[in-house]
Amino acid sequence: MAEKFTYKTKESFLEAQQKAGVTLPYSDDTSVLAREVKITDTNLKMKNSMTIHPMEGFDSEEDGSPSDLTMRRVTRFAEGGAGLIWCEATAVVEEGRTNTGQLWINEKNLDSYKKMAEVMHEKSDGAPVILQLTHSGRVSKPHNKPEPIIAYHNPMMNEKFNIDPDYPVATDEYFDTLAEKFGDAARLAKEAGFDGADVKCCHKYLFSELLSAYNREGRYGGSFENRTRLFVDSMKAAAVWCDRDFVLASRFGPYDCMPYPWGFAADRDDYLKIDWEEPDKLYKIMYDCGVRLVDMTLGTPYYNPHVNRPYDNGGYEPPEERLVGVERLINAAAHMKKTLPQITLIGTGYSYLRKFAPNVGAGAIEAGMVDAVGFGRMSFAYPDFARDILAGRELDNGKVCLTCSKCTSLMRAMSCTGCPIRDRDPYLGIYQKVFAK
């Protein structure tokens, strides 16, 4: 059984790494986390090297505008001291919403997003705020019931989502309409006052799923050019609105950790290894399209959540030592940074490390493996983590994320999502109500 996080001292933490056969970067001096980070080819600056990942709260109004609970969450993020805030997945079309609580930006609710950006800038003292643009693909439930839009039939994912092998695959004609939608959404994000738009390509949502559409026919499947076409076209459509004050960004997953042909970038002899040929090629194309900021990730929370967010408690016991998963994430980011140092890169995997996250993050930055370190689940549990780190305080064991996956459980139940352990009012009551049975 994989060992859980029980390390109290640096010595026990290093001993656990040795036992697991991993080596994580580590620095006793965390002052590098206070370093300012200039985003490549822009006027935008992170006031420190810590960021908040896009964390979905699924608490929008029915029309996709941010609710009071949404504003509570993003205000807490903004007041927490992080150098950049990456706002959660926001649909560009109604049919691509994960559920009725997912944000959806459109012409009719633009004023609510203007208010959201204004509040976040004010409360964060001007930290850059990125809006993530998405299409949920096979995860789409715009009316809180499955209405999947699938790129091809993937038996591994079909089983997870109970999708019949005769279910219709989305047409090329439908895909032809989407790049323009992402371009329009980027324009709206800019008009609303955000500092950048993220064209999301990870976690087996639509663009990510298309990367492994080896067996799809037509303009969006088969060849590398076809499989990346919609992502590339959408980046180009969004790039029209970008300038030195509005960056083109992407939450990018270069590897699914699923066997070929059902996963992108899997070594064909051993799918647990990354074949970097196509991800490296695509990463360079992303740069050519204008992407200058990337928040990296791996795997998919719908098939192998232990890959993209190592946890102590979840739906199953991880098939590997948990620190192995952290090392995979950190080393993948290092590969990406070496491949294309021009892109400002945010790494992931740090929340699992609790109080040692600042040390490992500082070590990764010092080693040139990444430009900044991002926190996801930690921001739900402990939104002022960055402020404490910048003040030279050790992260509070009574506030850190416990990687218990209760926030994920709420998400899977299509409920408002947050941390019922550390942020009890309102999320403990929400959790108890959802799981009362």
Side-chain angles (χ1 to χ4, degrees), residues 37-46 51-54 83-93 96 103 105 110 113 116-117 120-121 126-135 175 178-203 205-208 210-211 228-254 279-297 333 336-337 339-348 370-372 374:
V37 178
K38 186 178 184 299
I39 299 175
T40 304
D41 295 337
T42 75
N43 297 323
L44 303 172
K45 295 178 181 178
M46 306 181 204
T51 77
I52 291 178
H53 289 315
L84 176 143
I85 305 163
W86 204 295
C87 284
E88 66 197 80
T90 303
V92 303
V93 290
L103 295 176
I105 191 169
L110 181 58
Y113 284 88
M116 181 178 175
M120 295 181 76
H121 282 136
V129 180
I130 308 300
L131 187 66
Q132 181 175 83
L133 306 178
T134 191
H135 187 303
F175 287 161
L178 291 181
E180 181 181 359
K181 303 295 186 183
F182 274 84
D184 286 344
R187 171 182 59 82
L188 292 174
K190 185 175 185 178
E191 289 183 15
F194 291 93
D195 301 291
D198 159 19
V199 179
K200 183 179 183 179
C201 186
C202 63
H203 296 167
Y205 295 104
L206 183 59
F207 289 3
S208 173
L210 277 166
L211 297 184
T228 60
R229 184 185 305 278
L230 184 53
F231 180 39
V232 170
D233 288 350
S234 298
M235 287 188 287
K236 290 179 178 177
V240 169
W241 305 103
C242 296
D243 52 35
R244 294 190 66 84
D245 297 311
F246 188 78
V247 66
L248 180 60
S250 184
R251 186 101 204 265
F252 178 55
D280 286 352
K281 185 177 179 180
L282 179 54
Y283 202 41
K284 292 171 183 176
I285 291 171
M286 290 167 63
Y287 181 83
D288 291 341
C289 287
V291 171
R292 294 297 182 268
L293 176 66
V294 166
D295 189 347
M296 64 79 62
T297 181
M336 295 168 69
K337 189 62 193 171
T339 298
L340 206 64
Q342 302 96 312
I343 289 180
T344 302
L345 181 64
I346 299 168
T348 193
V370 74
D371 295 300

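If you read the sequence from its start, that first residue is 1, and numbering goes on from there.
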_Side chain to side chain, Leu178 and Leu230, heavy atoms closer than 4.5 Å_ = yes
_Beyond-backbone contact of Lys200 with Pro54, side-chain heavy atoms, under 4.5 angstrom_ = no
*For Ala179 and Ala237, work out which heavy atoms get closest and say how close.*
O-CB, 3.3 Å
*Quick check: does any side chain N or O of Lys190 sit under 3.5 Å from a backbone N or O of Trp241, one acting as donor and the other as acceptor?*
yes
*Determine whether His203 and Thr134 make a side-chain contact, defined as any pair of heavy atoms from C-beta on separated by less than 4.5 Å.*
no
*With distance as the sole test, does Thr40 use its side chain to make a donor-acceptor pair with the main-chain N or O of Lys38 at under 3.5 Å?*
no
_Non-hydrogen atoms of Pro279 and Pro254 that approach each other most closely_ = CG-O, 3.2 Å
_Sole residue of Leu345, Ile343, Asp280 in side-chain contact (heavy atoms from CB on, under 4.5 Å) with Met336_ = Leu345
*Would you indicate whether the side-chain heavy atoms of Lys337 and Val370 approach each other to under 4.5 Å?*
no
*Are any side-chain N or O atoms of Arg292 and backbone N or O atoms of Tyr287, one a donor and one an acceptor, separated by less than 3.5 Å?*
yes
*asked:* Test side chain to side chain contact (heavy atoms under 4.5 Å, CB included) on Val199 and Met286; report intermediate values, then the result.
replied: CA-CA 10 Å; Val199 179; Met286 290 167 63; over 6 Å; no
_Which heavy atom of Ala192 sits nearest to which heavy atom of Ala117, and what is that distance?_
O-CB, 3.5 Å
_For Ala239 against Leu248, the heavy-atom pair lying closest together_ = CB-CD2, 3.9 Å
*asked:* Does the plane of the ring in Phe252 sit parallel, tilted or perpendicular to the ring in Tyr283? Use 30° and 60° as the thresholds.
replied: parallel
*Run the numbers on Phe231 and Ile285 for side chain to side chain contact (heavy atoms under 4.5 Å, CB included), then give the verdict.*
CA-CA 10 Å; Phe231 180 39; Ile285 291 171; over 6 Å; no
*With Val247, which of Asp195, Thr344, Ile130, Asn43 fulfils side-chain contact (heavy atoms from CB on, under 4.5 Å)?*
Ile130
*Any sub-3.5 Å donor-acceptor pair from Ser250's side-chain atoms to Val294's backbone N or O?*
no
*Separation of Thr228 OG1 from Leu282 CG (nearest 0.5 Å)*: 6.0 Å
*Between CG on residue Leu103 and CE on residue Met116, distance to nearest 0.5 Å*: 5.5 Å
*Do Leu293 and Trp86 touch side chain to side chain, with heavy atoms closer than 4.5 Å?*
yes
*Heavy-atom neighbours of Lys281 NZ exceed 12 at 6.0 Å*: no
_Stepwise side chain to side chain contact (heavy atoms under 4.5 Å, CB included) check, Thr348 with Arg251_ = CA-CA 11 Å; Thr348 193; Arg251 186 101 204 265; 3.9 Å; yes
*Working to the nearest 0.5 Å, report the span between CG of Asp245 and OG1 of Thr42.*
8.0 Å
*Taking all non-hydrogen atoms of both residues, which atom of Gly347 and which atom of Ala333 are closest, and how far apart?*
CA-CB, 4.5 Å
*Distance, nearest 0.5 Å, that separates CG of Leu131 from CD1 of Ile85*: 12.5 Å
_Can you give me the closest heavy-atom contact between Cys87 and Phe194, atom names plus distance?_
SG-CE2, 4.1 Å
*So, do Ile39 and Leu84 sit near enough that their side-chain heavy atoms are less than 4.5 Å apart?*
yes
Table please: side-chain donor-acceptor pairs of residues 180-189 below 3.5 Å, with sequence neighbours left out.
{"unit_1": "Arg187", "atom_1": "NH1", "unit_2": "Glu107", "atom_2": "OE2", "d": "3.3"}
{"unit_1": "Arg187", "atom_1": "NH1", "unit_2": "Glu191", "atom_2": "OE2", "d": "3.1"}
{"unit_1": "Arg187", "atom_1": "NH2", "unit_2": "Glu107", "atom_2": "OE2", "d": "2.6"}

